[in-house]
A.B. asks: 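Structure below; questions to follow.
All of these numbers come straight from a predicted model, not from anything done at the bench. In this chain, numbering begins with 1 at the start of the sequence shown.
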Amino acid sequence: MSLKDIEINPITIRIEVDIKTQSNSFLIVVCDGKARITNLPHYGEAKIITRQEKVKRVKFDKGEDF
C-alpha cells in the first residue's frame with residue numbers, strides 16, 4: 001500500500017477529497033502541514049507509528065481468514 005500526497009489549499013488550509021473516486025475504506029494522515037491518503041486493506045491492520053508527536057511511519061499487516 002502506498003501513500004499518495006493530497007493537496008492542501010494554502011489559502012483556506014483545507015483538504016478536499018472526492019469520496020466517490022475512492023474504492024473502499026481509506027485513511028488520511030496529516031502531519032507537519034502535509035496530507036497523505038491510502039486505501040485500507042480488505043483484511044489486516046494499519047498501524048500509525050509516531051515519534052515526538054509526529055507521524056514517522058504507516059505500517060500495514062495484511063492477511064486473510066482461512
Side-chain angles (χ1 to χ4, degrees):
M1 312 234 96
S2 63
L3 295 165
K4 297 176 186 167
D5 291 331
I6 302 175
E7 184 178 333
I8 299 174
N9 185 326
I11 296 169
T12 62
I13 312 299
R14 293 180 185 236
I15 300 169
E16 189 171 319
V17 177
D18 183 5
I19 61 172
K20 290 182 181 180
T21 61
Q22 300 301 319
S23 58
N24 288 320
S25 299
F26 59 93
L27 170 74
I28 296 175
V29 180
V30 179
C31 182
D32 285 339
K34 293 188 264 181
R36 300 184 90 187
I37 187 170
T38 188
N39 290 324
L40 292 174
H42 293 287
Y43 298 94
E45 296 178 348
K47 296 180 183 180
I48 300 171
I49 311 301
T50 61
R51 183 168 184 213
Q52 296 179 347
E53 300 179 4
K54 295 183 181 182
V55 176
K56 292 299 282 180
R57 178 176 293 150
V58 178
K59 292 174 61 174
F60 295 97
D61 185 15
K62 298 190 308 184
E64 288 191 31
D65 290 337
F66 184 70

A.B. asks: Please check if V58 and L40 belong to a single hydrophobic cluster, counting links between Ile, Leu, Val, Met, Phe, Trp and Tyr side chain heavy atoms closer than 4.5 Å.
C.D. replies: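 Yes, it is one cluster - the side chains of V58 and L40 are joined through contacts under 4.5 Å.
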A.B. asks: For K56, is there any backbone N or O sitting under 3.5 Å from a side-chain donor or acceptor partner on R51?
C.D. replies: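 No: the side chain of R51 does not pair with the backbone of K56.
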A.B. asks: Are K34 and D5 side-chain neighbours, meaning at least one heavy-atom pair lies under 4.5 Å?
C.D. replies: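 No; the side chains remain at least 4.5 Å from each other.
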A.B. asks: Find the distance between CG (N39) and NZ (K4) and round it off to the nearest 0.5 Å.
C.D. replies: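 So the gap between those two atoms works out to 7.0 Å.
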A.B. asks: With side chains defined as the heavy atoms from C-beta onward, is the minimum distance between Q22 and I37 less than 4.5 Å?
C.D. replies: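 Yes, at least one pair of side-chain atoms sits under 4.5 Å.
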A.B. asks: Applying the 4.5 Å side-chain criterion to the ILVMFWY set and letting contacts propagate, would F60 and V29 be lumped into a single cluster?
C.D. replies: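 Yes, F60 connects to V29 through the hydrophobic network.
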A.B. asks: Mind checking the CZ-NZ spacing from R57 to K47? Nearest 0.5 Å is all I need.
C.D. replies: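 One gets 12.0 Å once the value is rounded to the nearest 0.5 Å.
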A.B. asks: Mind checking whether V30 and I6 sit in one hydrophobic cluster, side chains of I, L, V, M, F, W, Y counted as touching below 4.5 Å?
C.D. replies: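 They do share one cluster, since a chain of ILVMFWY contacts under 4.5 Å joins V30 to I6.
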A.B. asks: Report all side-chain donor-acceptor pairs from residues 14-21 shorter than 3.5 Å, counting only partners two or more places apart or in another chain.
C.D. replies:
| residue | atom | partner | partner atom | Å |
| --- | --- | --- | --- | --- |
| D18 | OD1 | K20 | N | 3.2 |
| T21 | OG1 | D18 | O | 2.7 |

